[in-house]
Amino acid sequence: MNATLHEKLLGWYRVHGRDLPWRRSKDPYAIWISEVMLQQTRVETVIPYYTRWMEQFPNIQTLARSTTDQILSLWEGLGYYRRAHNLRKAAHMIIEEFHATIPDQVADLERLPGVGIYTAAAIAALAFNLDVLALDGNLRRVIARLIDLEVDPRRRQGERCIYEWADKAMPVGQAGEFNQALMDLGATICTPRKPKCGLCPLMQDCLAYARGTQLERPIPRPGVRVPLYHVSAAVIQRADTVLIGRRPEGKLLGGLWEFPGGKQDPGESMEACMRREIQEELGVEVQVGVLLGIFPHAYTHFKVNVHAYRCLILSGEPQALDHDQLCWVALPDLEKYPMGKVDRLIANLLITDHNP
DNA sequence: GATACGTGGAA
DNA sequence: TTTCCAAGTAT
């Protein structure tokens with residue numbers, strides 16, 4: 001009688017919690033990989049990538065021995081490619097500085113590249129059962145509603161309130177289940193839109209529900225405008241091969257391959273943009289040929305329309321002025337080169353045209 | 001604190 | 001079609 005909040009929550013979790021691949025063991029490595037893949041990424045999207053990763057790199061040692069191309073090929077399409085580079089770097093650090101064992105303290109975990117405050121807490125709680133709150137977007141929303149938080153849970157003041165709530169609400173020694181229960185509640189019941197309050201085990205504990213403010217919590221973040229750019233992309237063929245370049249690591253689509261090109265300047269025609277970008281990136285003059293298509297794409301903070309042209313080199317030999325590497329690739333081999341969404345689309349067009 | 005960093009699903 | 005945003009991190 002009069003069950004506490006955590007008793008109701010954990011009881012609900014044992015019945016309704018999701019059966020997810022990375023929950024089948026408490027292997028810190030498996031939990032680490034899953035948590036990094038899940039950063040800003042949906043569970044359904046992650047599952048096939050996670051399965052393939054664990055087959056190819058089942059432990060720290062196999063990951064440390066991997067190549068950039070291997071991990072990028074596996075990561076292609078998942079987004080936030082820095083995560084893949086960081087996983088490799090972290091594997092090396094774990095072997096050199098932590099005796100090939102994933103550390104079990106939050107402060108040590110946070111030193112690993114790609115592991116921030118959330119992921120460190122998640123590994124500590126889920127793999128090592130430390131009493132810490134793994135505060136992600138789900139928990140921000142769920143707890144903001146439970147305490148009817150009137151300030152932004154993404155800012156420091158709101159965050160403080162959430163951690164204070166957790167200090168009182170989290171049962172000692174059950175942080176792993178407690179965190180995962182809140183995550184599942186946020187993913188299935190206490191959703192961003194249309195929360196299913198009638199099915200919520202914490203309905204009677206929820207201040208927002210009591211006050212009818214569920215839909216106003218958490219308070220919305222101020223909107224940001226995303227600019228639209230126009231970008232050129234060159235399909236330069238020689239015999240049965242096409243020219244692609246590797247983007248520098250650390251920036252957008254770092255380490256991935258692309259068709260050369262770039263952003264249109266204000267007032268510039270798209271064909272002039274194409275010629276200028278090729279001159280700057282490859283050091284050669286090109287004739288801009290037929291337009292293969294215009295490919296719209298939305299990134300986090302801007303949108304693009306990519307105009308893909310066939311181009312013909314008029315003079316000179318392409319050099320890697322603005323790329324890590326250049327490569328002439330036979331069309332059927334294009335699929336072996338990891339690319340972002342738009343370039344993959346263009347590559348698939350070429351492969352299809354070549355193979356009717 | 002603000003900004004960069006991908007993609008796809010839902011409304 | 002547009003908008004929002006989903007298990008965040010690094011700079």
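Here is the naming used below: chain letters follow the sequence lines, and residue numbers restart at 1 for every chain. Keep in mind that the numbers below use all heavy atoms, side chains included, and drop hydrogens, waters and symmetry copies. Computed from a predicted model, the values in this text were never measured in an experiment.
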Under-4.0 Å side-chain N/O to phosphate OP1/OP2 contact, [X] with [N]:
| X | N | value |
| --- | --- | --- |
| Thr41(A) | dG8(B) | no |
| Arg82(A) | dA10(C) | no |
| Lys341(A) | dG8(B) | yes |
| Gln40(A) | dG8(C) | yes |
| Arg42(A) | dC5(C) | no |
| Tyr80(A) | dA6(C) | no |
| His301(A) | dC5(B) | yes |

If you look at every strand shown and take non-hydrogen atoms under 4.0 Å, does [X] touch a base, only sugar-phosphate, or nothing?
| X | value |
| --- | --- |
| Pro113(A) | sugar-phosphate |
| Gly340(A) | sugar-phosphate |
| Leu139(A) | nothing |
| Thr300(A) | base |
| Trp75(A) | nothing |
| Arg141(A) | sugar-phosphate |
| Ala134(A) | nothing |
| Leu135(A) | nothing |
| Thr119(A) | sugar-phosphate |
| Gly77(A) | sugar-phosphate |

I need the [atom1]-[atom2] distance between [X] and [N], as an integer number of Å.
| X | N | atom1 | atom2 | answer |
| --- | --- | --- | --- | --- |
| Arg221(A) | dC4(C) | CZ | P | 10 Å |
| Leu252(A) | dG6(B) | CG | C1' | 8 Å |
| Tyr49(A) | dT7(B) | OH | P | 9 Å |
| Leu228(A) | dT1(C) | CG | C1' | 14 Å |
| Asp136(A) | dC5(C) | CG | P | 15 Å |
| Phe295(A) | dT7(B) | CZ | P | 15 Å |
| Met339(A) | dG6(B) | CE | P | 16 Å |
| Gln39(A) | dG6(B) | CD | P | 12 Å |

**Report entry** dT3(C) to dG6(B) separation - P atoms, rounded to the nearest Å
**Finding:**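 Approximately 22 Å lies between the P atom of dT3(C) and that of dG6(B).
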Flag for [Y]-[X]: side-chain donor and acceptor within less than 3.5 Å:
| X | Y | answer |
| --- | --- | --- |
| His307(A) | Glu271(A) | no |
| Arg83(A) | Thr41(A) | yes |
| Gln204(A) | Tyr209(A) | no |

Between [options], which one does the side chain of [X] approach most closely?
| X | options | value |
| --- | --- | --- |
| Arg155(A) | dA2(B), dC4(C), dC5(B) | dA2(B) |
| Tyr299(A) | dT7(B), dT3(C), dT9(C) | dT7(B) |
| Tyr118(A) | dG8(C), dG6(B), dT3(C) | dG8(C) |

Query - Comparing Gly79(A) and Lys194(A) on DNA chain B - which has the more 5′ nearest nucleotide - result: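 It is Gly79(A), whose closest nucleotide lies nearer the 5' terminus.
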Query - 5' priority, DNA chain B, between Leu78(A) and Arg154(A) [closest heavy atom] - result: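 By nearest-heavy-atom nucleotide position, the 5'-most residue is Arg154(A).
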Query raised in the report: Which residue lies toward the 5' end of DNA chain C, Val115(A) or Leu38(A), if each is placed at its nearest nucleotide?
Result: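 Looking at DNA chain C, the more 5' nearest nucleotide goes with Leu38(A).
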Query raised in the report: Which residue, Asn348(A), Thr241(A), Ile244(A), forms the side chain to side chain contact (heavy atoms under 4.5 Å, CB included) with Leu334(A)?
Result: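 So the option named by the test is Ile244(A).
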Query - Validation row, ring centre His297(A) to ring centre Tyr299(A) under 6.0 Å - result: yes
Query raised in the report: What do you reckon, are the aromatic ring centroids of Trp22(A) and Tyr50(A) less than 6.0 Å apart?
Result: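 That pair passes the under 6.0 Å test.
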Query - Quiz item: cation-pi between Arg238(A) and Trp328(A), 6.0 Å / 45° - result: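 Judged by the rule, Arg238(A) and Trp328(A) form a cation-pi pair.
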